[in-house]
Amino acid sequence: MTTPSESPLIRTRDLVKAYPMEQGRLVALNRVNLTFEKGEFAGLVGPSGSGKTTLLNIVGSLDQPTEGSAEVLGHRIETLSHAEAAELRSRHIGFIFQTHNLFPVYTVFENVEFPLLVLGMPAALRTQAVRDALDWVKLGDRANSKPAQLSGGQSQRVAIARAIVKRPALVLADEPTANLDAENSRRILETMVQLNRDLQTTFLFATHDDKVIRHLRRTIRLNDGSVVADTSTEPTPQLAGYRP
Amino acid sequence: MLTLKLAVRNLLGGGMKTWLRVGVLSLSFITIIAMQGLYQGMYGQATEASVSTELGGGQYWHLRYDPLDLLSLPDAHQTLPEGLSGLVASGAATPILVVQGFLYTGGDLQPILMKGIDPAQRVLSIPSSALADAAGSSPPVLIGSRMARDSGLRVGDTVTIRWRDARGTFDATEVQVAHIMSTTVMTVDSGQMWLPLAALQKMARMEGEATLVVLARDARPIAASGEWLHKDLDFLLSDLNAMVRTKMIGGSVAYLILLFLAMLAILDTQILSIFHRRKEIGTLMALGVTRGGVIRLFTVEGALNAVLAAVAGAVYATPLLFLLARAGIPMPAAIESSGYSLGERLYPTYSAALVFGTTVLVLVVTTVVSYMPTRRIARLKSTDALRGRLT
Ligand SMILES: Nc1ncnc2c1ncn2[C@@H]1O[C@H](COP(=O)(O)OP(=O)(O)O)[C@@H](O)[C@H]1O
Ligand SMILES: [Mg+2]
């Protein structure tokens, strides 16, 4: 699973997602043409129901296009079998959800370790990778806690560590701050900006949170499943100079 | 390997609920083994007693002998053919003569079976040697403790018995109780009176004759000849087998219900857990676990209940079952009415086949029950699961 360097990380061509309805069909994505390069820090914005999650799911190979194509890391999503899609996700894609979706019976360490177990990484490498990931999100001291013992912000940081522990090429974050207060949202964004800078991890958000939008370097506005604007912005000044 | 590790984590992470479920399962599991062990012990003990005191290694019956039809007795006696008398001479078999008679007790005439046995025989564990030294003038008799209780006879008592001899003439004599034996086998006790073979042959004018010949346990059967039929142990034990089977089926119903309840608990847990954990299932898929992987995980998790139950059961029940097998269980007298007495104590036997078989049964059933609800996952779309929906 290698990415040809000349092709973009993600490319959609006339991507359509439609759900059959009792009468006609509901078009969640309408001929979306988008390209994302490696290292981008981009976001899909738009009102609720505009198709952000749907697009993220297709790019993340959790869902299939109805028409058109989506090419992710050199793979045509519409041609992947279940197993191939699972493999692609397991190797190259990290997910962050609106809720942290941590496994409640696992410790923080075990939660973050999980993707590496799926990958079949040897134990010694695993432990180091989990430590590093927890250090990035500044939760190295909570490795043995259970999710129930963490605050909402901490839990979401664990979820970020879980998403990035395998150093994926692409992280898809669907409304990652929706359940967080301003302070926690800011810290999480800072962490992700830093990861993007240090590891060249590509981040693609779905959000309608201004606190997130401020940090995006590229903003794609969706409305009723169509791209209505695609703007690149300079990173927020105070964050550009940010050092931990 | 990964699946197992995760399943163990999930199961143990379930805490109290897991242990409750495992407790119920292990209890029914141990109950099955305990009950089956009881039946096996019961069967083993009853078989052993019957074989050693009555059936031996098989029997040869006179052609017309039918133990269920007393009217057959006057015609069912004969001298032994060469083969059988050879066996008797070598100590590998012993002849028994059966004559119907009556016992005078008070004013009552109580029907009995008079059985002639060689006092020197070593084929059956009946204490026939008590019949060897006739102290008094009347023939000595040996009876069982139940017969003694029913007739009120004690050692040393004399009593009048009456019978019909080979020519059909009634005759009577006094006999003296030489010994009262304690046995669990009712068919050699209730209504039975054992006499020296030679004495009974003489009384009944059936010199040198017998009704049946009991083979020693380790003796090799010979081909039956002439008026004699060979009855092997399978045939002779078939009544006992049938009785035990009936009892076992009765017991099985109870344990099937137990097993069913335990499985219901597992099924319920599985269905609920798939419902409650649909978001987790979606997350697993997002993290790159295939549907097959999720199904395996849930199935193994369910099956682990049985593994834990077996381990837990082994820990707390092994000493208990061992103790029962050693000390035995006191038997209520009521069981005696079944026709096969089991002795005062019942010693359960837990064979490797029983323990292993039950473990495998519980494991297989649990795995199947755990797997069934996971077919739902196969239809589940990860996007729906992540949204908290079940497809
Ligand atoms: N499984 C589905 N079946 C039918 N309609 C769906 C399904 N998933 C999403 N939709 C619809 O598709 C549209 C886009 O949804 P979504 O991508 O979740 O929007 P957003 O994430 O921007 O809020 C919405 O109208 C939603 O109701
Ligand atoms: Mg959404």
Side-chain angles (χ1 to χ4, degrees), chain A residues 17 19 28 53-58 60-64 81-107 109-121 123 126 146-148 159 162-163 165-166 168 171-175, chain B residues 1-19 21-22 269 272-298 300-302 304-305 308 375 377-389 391:
Chain A
K17 181 70 186 182
Y19 296 102
T53 298
T54 305
L55 181 54
L56 229 50
N57 283 343
I58 292 175
S61 80
L62 286 171
D63 209 350
Q64 296 259 322
S81 68
H82 270 297
E84 287 166 341
E87 168 98 1
L88 173 66
R89 290 195 294 274
S90 140
R91 286 188 187 283
H92 299 298
I93 304 176
F95 285 89
I96 300 167
F97 308 99
Q98 179 172 340
T99 49
H100 55 72
N101 288 18
L102 296 178
F103 303 130
V105 299
Y106 296 2
T107 62
F109 185 96
E110 290 165 345
N111 264 287
V112 177
E113 187 189 27
F114 187 89
L116 306 180
L117 289 172
V118 177
L119 272 178
M121 185 184 277
R126 245 171 24 225
K146 288 281 176 70
R162 180 174 69 182
V165 68
K166 63 192 176 196
V171 171
L172 302 171
D174 194 352
E175 317 263 8
Chain B
M1 207 35 229
L2 171 65
T3 305
L4 193 64
K5 183 173 177 172
L6 298 178
V8 169
R9 261 185 208 172
N10 286 340
L11 197 65
L12 297 183
M16 207 52 217
K17 269 194 218 150
T18 296
W19 291 114
R21 201 164 56 241
V22 165
T269 311
L272 269 180
S273 116
I274 287 166
F275 179 75
H276 283 310
R277 291 163 67 186
R278 56 202 186 277
K279 212 164 189 177
E280 181 182 328
I281 293 170
T283 309
L284 285 168
M285 290 177 175
L287 292 176
V289 180
T290 57
R291 265 181 204 162
V294 178
I295 289 176
R296 265 200 304 282
L297 180 62
F298 275 73
V300 171
E301 237 181 271
L304 270 181
N305 281 299
L308 274 187
R375 282 176 309 178
I377 297 171
R379 285 185 278 125
L380 189 62
K381 287 177 72 176
S382 47
T383 49
D384 286 330
L386 279 168
R387 285 175 205 258
R389 280 203 299 246
T391 349

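These values consider heavy atoms only, across backbone and side chains, with no hydrogens, waters or symmetry-generated copies. Proteins get letters first, then strands, A, B, ... in listed order; numbering begins at 1 in each. Just so it is clear, the model here is predicted, and its values are computed rather than measured.
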With B/T383, the side-chain contact (heavy atoms from CB on, under 4.5 Å) member among A/N57, A/L56, A/I58, A/T54: A/N57
Value for CG (B/L284) from CZ (A/F103), rounded to nearest 0.5 Å, stands at 4.0 Å
B/T283 vs A/F97, test: side chain to side chain contact (heavy atoms under 4.5 Å, CB included). Steps then yes/no. CA-CA 9 Å; B/T283 309; A/F97 308 99; 4.2 Å; yes
With only heavy atoms counted, which part of A/N101 is less than 4.5 Å from chain B, the side chain, the backbone, both or neither? both
Measure A/E110 against the heavy atoms of chain B and call it side chain, backbone, both or neither at under 4.5 Å. both
Where on B/R277 is there a heavy atom nearer than 4.5 Å to chain A: the side chain, the backbone, both, or neither? neither
Taking A/R89 for the side chain and B/M285 for the main chain, is one N or O donor matched with an acceptor at less than 3.5 Å? yes
If I measure from the heavy atoms of chain A, does B/R9 come under 4.5 Å with its side chain, its backbone, both, or neither? both
Where on A/Q64 is there a heavy atom nearer than 4.5 Å to chain B: the side chain, the backbone, both, or neither? neither
Most contacts with chain A, counted as non-hydrogen pairs under 4.5 angstrom, among B/T290, B/L12, B/L287: B/L287
Quick check on side-chain contact (heavy atoms from CB on, under 4.5 Å): which of A/V118, A/V105, A/L117 does B/L6 satisfy it with? A/L117
Which one of A/S90, A/A85, A/G120, A/G60 has the most heavy-atom pairs closer than 4.5 Å to chain B? A/S90
Validation row: A/L62, B/K381 side chains within 4.5 angstrom (heavy atoms): no
With only heavy atoms counted, which part of A/S61 is less than 4.5 Å from chain B, the side chain, the backbone, both or neither? neither
